[in-house]
2 protein chains.
Amino acid sequence: MELSQLRTLIHVAELGSLSKAADRLHIAQPALSRQVRMLEEELGFALFLRHGRGMVLSEQGKEVLTHAMRVMAEIDEIRATATPADAPLTGEVAIGLPPTVADIISLPLAAAFGKAHPKAKLRLVSAYTGYLLDWMHRGEVDVAVLYDPRMARSLRSRPLLLENLFLIGPPDAGFSTVRAVSFASLAGKRLLLPSIKHGLRIIVERCATDAGITLDVGIEADSYSALKDLVRNGHGWTILPLAPIHADVTAGLLTAAPLIDPVPVRRLILAYPADRPASRLARFAGQAIEDVVKDLVGRAVWVGQLLGPPP
Amino acid sequence: MELSQLRTLIHVAELGSLSKAADRLHIAQPALSRQVRMLEEELGFALFLRHGRGMVLSEQGKEVLTHAMRVMAEIDEIRATATPADAPLTGEVAIGLPPTVADIISLPLAAAFGKAHPKAKLRLVSAYTGYLLDWMHRGEVDVAVLYDPRMARSLRSRPLLLENLFLIGPPDAGFSTVRAVSFASLAGKRLLLPSIKHGLRIIVERCATDAGITLDVGIEADSYSALKDLVRNGHGWTILPLAPIHADVTAGLLTAAPLIDPVPVRRLILAYPADRPASRLARFAGQAIEDVVKDLVGRAVWVGQLLGPPP
DNA sequence: ATGAGCTATCGAATATCATTATATCTGGTC
DNA sequence: GACCAGATATAATGATATTCGATAGCTCAT
């Protein structure tokens with residue numbers, strides 16, 4: 001088995017054609033034909049199914065492909081060993097972020113990448129934790145911030161932040177971040193919250209139960225920018241982390257107050273896929289996220305308790 | 001970069017000598033010299049430090065080595081793709097087990113391997129969770145059963161079993177597995193327990209606190225076979241999972257009773273290293289362990305609650 | 001039916017790699 | 001301090017593999 005054969009496999013599988021792959025790799029097509037054939041002979045089964053217009057991976061071929069891609073990732077790591085740890089890297093990394101988190105850290109994160117690895121291609125994927133989990137397993141996302149799914153069995157994760165949730169109202173509600181509001185006082189107040197499918201809603205409902213009240217939810221909105229707009233226009237209050245609406249608060253468009261008795265908190269984790277080692281860029285991304293979060297918490301833009309990993 | 005170069009790197013690094021590696025690989029020494037040199041030229045740094053009696057890895061070389069080994073593991077997986085999922089595999093796998101667990105599952109585990117993969121080399125490593133964690137990180141263990149360390153950040157783990165701990169006494173204590181004993185009734189009784197460093201002792205102490213009593217620990221013994229012998233000879237009672245002493249109980253050498261109020265339980269997890277994908281053999285080992293545990297619990301040899309992973 | 005587009009095969013040219021023989025280096029020993 | 005043993009590096013050579021261009025054979029779409 002040769003590395004060139006694996007590389008050929010990867011490109012042919014992607015392009016679905018020997019000739020196209022030959023074109024891309026700048027080597028003649030018969031060479032690729034031979035490489036594929038030899039690999040198939042060595043393994044004893046067909047990697048591709050030929051059909052007059054090209055070739056597609058067989059089932060076993062798909063499995064081999066995943067391993068081949070891992071091999072190439074390792075080879076890249078070996079090449080990267082040459083360069084010092086903080087040298088600019090190239091390549092791609094996909095970072096998954098929940099929408100509320102993306103809003104607040106996308107900018108500083110991109111800045112950190114621009115400074116440290118200007119040639120690296122950054123893909124910021126904003127989606128709900130459920131989707132992110134799925135994409136992570138499928139290898140389309142390399143690192144992600146998740147709301148603790150408590151079933152991180154196929155993930156490698158480290159705790160990131162225990163973020164406090166704030167009561168958000170329009171300016172005339174007169175909330176202040178230094179004057180806490182008890183959860184019980186929400187009884188009877190009209191609230192705007194995401195639907196029960198959201199982790200955030202579940203947390204809020206549990207707090208309501210603990211406080212011995214039931215919530216009066218006027219409107220359910222899953223989009224949090226919709227929530228913001230509705231609150232700003234006086235349709236009620238909502239409960240969100242402070243970070244993504246911090247700018248609105250300082251601009252006087254919204255007001256926010258800490259909640260207590262109980263304090264609603266949401267646990268954020270930083271997760272890597274467990275079925276393959278994280279690339280250098282992915283590790284850098286994770287570190288950068290931690291740094292950004294630390295900075296935001298230090299500047300009280302994001303309110304919560306930093307969770308370092310156990311030493 | 002070629003696979004042969006990486007294989008050479010691995011063997012030379014292990015043997016510390018080009019000539020010895022040449023001997024083992026059945027190729028001439030200059031060939032290896034050339035391969036190493038070419039790899040070094042491609043990477044642009046020294047993989048080995050030459051010193052008249054051989055060569056040792058440089059710091060960067062060590063890092064490259066870990067990647068090279070992963071590459072080889074992936075190549076092995078590709079080769080294994082050829083054979084159907086349940087075909088006999090070859091190779092090696094190291095399984096880490098806490099002593100009490102090793103005692104009860106080593107035999108059926110070895111039997112399962114003998115039947116399914118007779119040519120595979122099995123290494124059963126029996127040690128405390130702390131050591132197993134360490135060895136797992138260093139790549140010397142491929143799968144392990146652990147007492148939940150609750151800090152499995154660099155592990156991929158799945159819950160295995162919530163095992164109940166039993167009160168163990170000599171035959172004349174007259175315990176029965178169908179007659180529960182309350183924790184509170186242990187007050188004033190002479191107990192033999194492992195030292196506080198052990199997870200088991202911590203659990204027992206917490207239960208004692210919950211039950212509002214303090215334990216009278218006569219002898220501390222970390223070796224659990226020593227514990228068994230001491231109990232058998234009337235030096236006191238101890239608290240252990242049922243499984244490893246099940247044979248003694250059926251043989252009438254010891255008696256055991258379930259404890260309640262509270263029920264002391266220990267959480268077992270099945271863990272794989274997270275920094276590299278598990279090999280087929282490792283996955284088989286994990287599956288075999290789950291099967292064995294399931295069987296033992298079904299036959300009431302091991303008393304506890306099976307913890308399937310969430311679907 | 002026919003042509004476009006693809007893969008498989010063949011032989012010659014080329015490049016690559018392993019081998020043998022030998023030179024060079026290093027570290028310990030007398 | 002010179003020598004020797006054991007190890008790595010180098011050179012020349014021959015065997016082996018790989019690539020390339022040309023071409024045959026196949027499949028699908030028009």
Side-chain angles (χ1 to χ4, degrees), chain A residues 1-62 64-65 68 71-72 75 78-79, chain B residues 1-62 64-65 68 71-72 75 78-79:
Chain A
M1 199 177 314
E2 295 299 324
L3 284 181
S4 61
Q5 294 169 348
L6 297 183
R7 184 173 37 246
T8 298
L9 164 70
I10 291 173
H11 285 103
V12 173
E14 181 189 338
L15 297 173
S17 154
L18 276 185
S19 340
K20 292 207 183 77
D23 196 32
R24 175 191 285 184
L25 297 173
H26 304 295
I27 49 185
Q29 169 266 323
L32 299 193
S33 177
R34 194 183 119 94
Q35 289 186 0
V36 172
R37 180 167 50 80
M38 301 225 80
L39 189 52
E40 287 180 323
E41 280 173 9
E42 177 177 350
L43 295 178
F45 58 86
L47 248 22
F48 290 94
L49 304 173
R50 279 76 166 168
H51 72 106
R53 301 306 212 136
M55 44 214 308
V56 291
L57 277 176
S58 66
E59 274 311 307
Q60 291 170 308
K62 285 180 195 167
V64 172
L65 176 65
V71 167
M72 287 310 171
I75 299 291
I78 289 179
R79 292 229 161 80
Chain B
M1 198 177 315
E2 295 300 323
L3 285 181
S4 60
Q5 294 169 349
L6 297 183
R7 184 174 39 247
T8 298
L9 163 69
I10 290 173
H11 284 102
V12 173
E14 181 190 337
L15 297 172
S17 153
L18 275 186
S19 340
K20 291 207 183 75
D23 195 33
R24 174 192 285 183
L25 297 173
H26 304 296
I27 49 186
Q29 170 265 322
L32 300 192
S33 176
R34 192 181 120 96
Q35 289 186 0
V36 171
R37 181 169 50 78
M38 301 218 81
L39 189 52
E40 288 179 322
E41 279 173 8
E42 178 177 349
L43 295 177
F45 58 87
L47 250 19
F48 291 92
L49 304 174
R50 280 75 166 167
H51 72 109
R53 303 304 214 137
M55 44 213 307
V56 291
L57 278 176
S58 66
E59 275 310 308
Q60 291 170 309
K62 286 181 194 167
V64 172
L65 176 66
V71 167
M72 287 309 170
I75 300 292
I78 290 179
R79 293 227 160 80

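Quick note on labels: first sequence line is chain A, next is B, and so on, each numbered from 1. What you see is a predicted model, and the numbers here were worked out from it, not measured in a lab.
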Exercise. Glu2(B): what forms a side chain to side chain donor-acceptor pair (under 3.5 Å) with it, not counting sequence neighbours?
Worked result: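 Checked Glu2(B) against side chain to side chain donor-acceptor pair (under 3.5 Å); zero matches.
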
Output the rounded distance in Å from [atom1] ([X]) to [atom2] ([N]).
X: His51(B); N: dG6(D); atom1: NE2; atom2: P; answer: 15 Å
X: Gln5(B); N: dC17(C); atom1: CD; atom2: C1'; answer: 11 Å
X: Leu15(A); N: dC6(C); atom1: CG; atom2: C1'; answer: 14 Å
X: His26(B); N: dT20(C); atom1: NE2; atom2: C1'; answer: 19 Å
X: Met1(A); N: dT18(D); atom1: CE; atom2: P; answer: 14 Å
X: Leu25(A); N: dC20(D); atom1: CG; atom2: C1'; answer: 15 Å
X: Leu18(B); N: dT8(D); atom1: CG; atom2: P; answer: 4 Å
X: Glu2(B); N: dA15(C); atom1: CD; atom2: C1'; answer: 13 Å

Can you tell me if the side-chain N/O atoms of [X] get under 4.0 Å from OP1 or OP2 in [N]?
X: Arg50(A); N: dC26(D); answer: no
X: Lys20(A); N: dG5(C); answer: no
X: Ser19(B); N: dT8(D); answer: yes

For this session: Determine the minimum heavy-atom distance between Ala21(B) and Val12(B), stating which atoms define it.
Result: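 That would be CB-CG2, 3.7 Å.
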
Problem set entry | Nearest heavy atoms of Leu39(B) and Gln5(B), plus distance in Å |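 So the two residues come closest at CD1-OE1, 3.7 Å.
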
State whether the side chain of [X] and the backbone N or O of [Y] hold a donor-acceptor pair below 3.5 Å, judged by distance alone.
X: Gln29(B); Y: Ala22(B); result: no
X: Ser58(A); Y: Ala46(A); result: yes
X: Glu40(A); Y: Phe48(A); result: yes

Exercise. Got a sec? Which of residues 28-47 of chain B come in under 4.0 Å of DNA chain C, heavy atoms?
Worked result: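 Result for residues 28-47 of chain B: Ala28(B), Pro30(B), Ala31(B), Arg34(B), Gln35(B), sorted by number.
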
Exercise. So what does Ser4(B) touch, heavy atoms closer than 4.0 Å: a base, only the sugar-phosphate, or nothing?
Worked result: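 No contact.
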
Problem set entry | Charged N-O contact under 4.0 Å between Glu59(A) and Lys62(A) |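 Judged by the 4.0 Å cut-off on N to carboxylate O distance, Glu59(A) and Lys62(A) do form a salt bridge.
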
Exercise. So how far is it from Met38(A) CE to Thr8(A) OG1, rounded to the nearest 0.5 Å?
Worked result: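 Here the rounded value is 13.0 Å.
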
Exercise. Below 4.5 Å, heavy atoms only, C-beta onward: do Arg79(A) and Glu42(B) meet side chain to side chain?
Worked result: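 They are in side-chain contact.
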
Please tabulate the protein-to-nucleotide N/O contacts below 3.5 Å involving nucleotides 11-14 of chain C, giving atom names and distances.
none

